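Down below is the structure, laid out as structure tokens.
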Amino acid sequence: MPHSPTLQEKVIKGGAVVLVLVFLGSACAYLIRILFSRTLSVEDYGLFYAVFGLFSIITAYIDLGFGYSVVYLFPKQIKFKNNAKAWNIFVWGQAISLTMSVIASILFIISAPFLAQNYFKKPGSEILIYIFCIYLISFTIINGLIQIFTGFQKEKYYASIAFSRWFLTLVFSFLFLAFGFSNIVYYAIALCLGHILTAIIYFFLFMKKYTFLIKHKIVWDKSVLRHMFSFALPSLLETIIVSLAVLGDTFFLTLFKGVRVVGIYNIIYPLASIPLVLINPINGLLLPLVSHLMEGEQEILRSLLEKILQIVPFIWLYFALFTVLFPSSIAGLIFGQKWVGLVEIPVIILSVGVLAMLMNGILGAITLGIGKVKAKLKMATFTAIISLILSGYSTYQWGVLGAVITASTMAFVVSFLFSRIIGSVFTFKMPYLFYLRLISFSLLVYILVKIIGIYPKDWFELIMIGLVYSMMYAIFGYTLKVYDRRLLSTILPKSMLK
């Protein structure tokens, strides 16, 4: 008899596809940063990401929470064959998002001279704001397509959108560079073209695949809109709370310190956040898996969490320690020599804070999986308000250094609070002895490198030192017995381990 895939197999296989595509998209976005940092001045690089940061704040609110309503309600109507109602849910959600994006774009266009003069403090930067308005509308369309593909549970479609938009942006950026148009305006146009082309491709894919849906009439139904609003409002409130804390750094740096400092910060963050790029996509697997294990398999869930508390810090330390050892070499070789001397101390501080940021993504997914949604929202509200106040003050006083210290400190506070919430549902042990061994190894390697005076000056030296470091770290990991087949057997179905 043919093998019928279990729920766990579906979750893992679908999640694996999403993980790979999201990782590729993140890699493309990272390459874009490298390209821009090497071909733009410090000020222009900072200006680009200052404008991008402002529009990122707007994109977080642009659907007024109705995007969540679509993602939640649409698949339910499809499941019960209510295609007409499903179509109207999607259309009204998209109509609200597009209306808000057009209104926001008009307001940006009107206020562009004022923002250029008083916020970005770069006269002539209005043209970037005009170009980013096009990006905002195309982003809204893409976001709507992601919602509907998510509703149909088409992992390959909605995950590949993230990859497509950044890959195409990278391609257009390289084309402009090749033809001698390597300036901030053309790079902004490349961003728009990447998103517009992605929107066109996936819109036609949607029209081709789901003709049975679009044939239904669009009707005004107050009950549908009320139902959508009941889900949208809580989602919007949570988005406001979380996004203010996450996106506040760039806003305050632009407001108080100028675009040059924003440029420096946008080198520091990608340097320190390589573990985030690699590990964060896995969080998408955890939520459905934890929810599944909560049904009578809490002992397995406890073992899974305790092992995660070892593996994630171990992976993080591999990247963080190497960055702490050679911050100038890595910054200069990857992003360009003009950044050397500007980023070292903040990179070291943020590299430590990234551990807590990694754990927050994982512990947050587990918190949702065990059903502690309200507790998570209350905690997020409290910490976001405190973080916003501290970030504003510390950024005003100490610039980039204040921003990274606040972000790192608050990340550890959030991790502690997440662990308390999870601990109220089931007990687990923190591997303190394991952490002590990681710290001891780090100190030993750091002292050894400083005594010998190792300083890689080119790519060959950095790669060779990296290979020796990787071998040492692999041996260290073997002595710690980090690899555990039981962890794989917990996550992967038996049929996938054969």
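Everything numeric here is computed off the predicted structure, so don't read it as measured data. Excluded from the calculations below are hydrogen atoms, water molecules and symmetry mates; all remaining heavy atoms, backbone and side chain alike, are included.
Of the possible polar contacts, none joining the Ser329 side chain to the Phe326 backbone as a donor-acceptor pair under 3.5 Å is found. Without hydrogens or angle criteria, Arg302 side chain to Phe426 main chain gives no donor-acceptor distance under 3.5 Å. Using a distance-only test at 3.5 Å, with no hydrogens or angles considered, no donor-acceptor pair links the side chain of Ser328 to the main chain of Val340.
Side-chain contact between Tyr187 and Leu35 is present, with heavy atoms from C-beta onward closer than 4.5 Å. Residues Phe132 and Leu191 have side chains in contact (heavy-atom distance under 4.5 Å, counting atoms from C-beta outward). Contact annotation: the side chain of Gln147 approaches that of Asp63 to within less than 4.5 Å [non-hydrogen atoms, C-beta and beyond]. The shortest side-chain heavy-atom distance between Leu271 and Pro327 does not fall under the 4.5 Å cut-off. Counting only heavy atoms from C-beta outward, the side chains of Ile267 and Leu342 never approach each other to under 4.5 Å. Taking the side chain as every heavy atom from C-beta outward, Phe428 and Leu309 approach each other to under 4.5 Å. Leu444 is not listed as a side-chain neighbour of Leu448, based on a closest heavy-atom distance of 4.5 Å or more. Looking at Leu358 and Ile362, their side chains never come closer than 4.5 Å, going by heavy atoms from C-beta outward.
Aromatic rings from Phe412 and Phe416 are positioned such that their centres are separated by 6.0 Å or more. Phe36 and Phe48 have their aromatic ring centers within a separation under 6.0 angstrom. The six-membered or imidazole ring of Tyr119 lies near that of Phe251, with a centre-to-centre distance under 6.0 Å. Separation of the Phe108 and Phe55 ring centroids falls under the 6.0 Å cut-off. The aromatic ring centres of Tyr473 and Phe441 sit less than 6.0 Å apart.
Using modelled atom types and a 3.5 Å distance limit, the side chains of Ser97 and Asn143 yield no donor-acceptor pair. Looking at Thr198 and Ser164, their side chains do bring a donor and an acceptor atom within 3.5 Å of each other.
Across all non-hydrogen atoms, the minimal contact from Thr140 to Ser101 is OG1-CB, 3.3 Å. Pairing each heavy atom of Lys307 with each of Lys481, the nearest pair is NZ-O, 3.5 Å. When every heavy atom of Thr323 is checked against every heavy atom of Ser351, the shortest pair comes out as CG2-OG, 3.7 Å. Nearest heavy atom pair, residue Ala199 against residue Leu145, reads O-CD1, 3.8 Å. Considering every non-hydrogen atom in both Cys28 and Phe163, the closest pair reads SG-CE1, 3.8 Å. For Ala272 against Pro275, the heavy-atom pair with the smallest separation is O-CD, 3.5 Å.
Residue Met379 holds its CE atom at 12.5 Å from NZ of Lys372, rounded to the nearest 0.5 Å. The distance from atom OH of Tyr202 to atom CD1 of Ile148, rounded to the nearest 0.5 Å, is 15.0 Å. Note that CD1 of Ile366 is 12.5 Å distant from NZ of Lys376, once rounded to the nearest 0.5 Å. Between Ile422 atom CD1 and Thr367 atom OG1 the span is 4.0 Å, to the nearest 0.5 Å. Note: Ser37 OG to Ile264 CD1 = 13.0 Å, rounded to the nearest 0.5 Å. Here the CG-OH distance, from Leu170 to Tyr30, works out to 14.0 Å after rounding to the nearest 0.5 Å.
Under a cut-off of 6.0 angstrom, the local environment of CG in Leu480 is crowded, with over 12 non-hydrogen atoms contributed by other residues, nucleotides or ligands.
The aromatic rings of Tyr469 and Phe322 lie tilted to each other, with the angle between the two planes from 30° to 60°. Ring geometry for Phe206 versus Phe90: interplanar angle of 30 to 60°, hence tilted. In this structure, Phe139 and His195 have tilted ring planes: the angle between them lies in the 30° to 60° band. Ring pair Tyr393/Trp398 is perpendicular by interplanar angle, where above 60° counts as perpendicular and below 30° as parallel. Between Tyr135 and Phe52, the angle of the ring planes lies from 30° to 60°, which puts this pair in the tilted group.
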- Message: Checking Ile58 against Met100 for the side chain to side chain contact (heavy atoms under 4.5 Å, CB included) test, could you report, in this order, the C-alpha distance in whole Å, the side-chain angles of both residues, the deciding distance, and whether it holds?
- Response: CA-CA 10 Å; Ile58 302 303; Met100 292 305 301; over 6 Å; no

Checklist line | Derivation of the side chain to side chain contact (heavy atoms under 4.5 Å, CB included) call for Ile385 and Leu388 | finding: CA-CA 5 Å; Ile385 293 172; Leu388 191 65; 5.8 Å; no

message: Determine whether Trp316 and Met359 satisfy the following criterion, side chain to side chain contact (heavy atoms under 4.5 Å, CB included), listing intermediate values before the conclusion.
response: CA-CA 10 Å; Trp316 159 80; Met359 295 309 304; over 6 Å; no

Are Thr395 and Asp249 close enough, and set up right, to give a side chain to side chain donor-acceptor pair (under 3.5 Å), and what steps lead you there?
CA-CA 8 Å; Thr395 301; Asp249 288 348; 5.1 Å; no

ask   = Yes or no on side chain to side chain contact (heavy atoms under 4.5 Å, CB included) for Ile349 and Leu401, after CA distance, side-chain angles and deciding distance?
value = CA-CA 9 Å; Ile349 295 171; Leu401 199 59; 3.6 Å; yes

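The side-chain hydrogen bond (donor to acceptor under 3.5 Å, both in side chains) pairs that include a residue from residues 406-416 are Asn360-Ser415, Ser394-Thr406, where partners are two or more places apart or lie in different chains. A side-chain hydrogen bond (donor to acceptor under 3.5 Å, both in side chains) check over residues 416-445, counting only residues at least two apart or in different chains, returns nothing.
The cationic atom of Arg33 (NZ for Lys, CZ for Arg) lies less than 6.0 Å from the six-membered ring centre of Tyr49 and within 45° of the ring axis.
Scanning for ring-ring contact (aromatic ring centres under 6.0 Å, His included) contacts around Trp339 gives Tyr45, with sequence neighbours left out.
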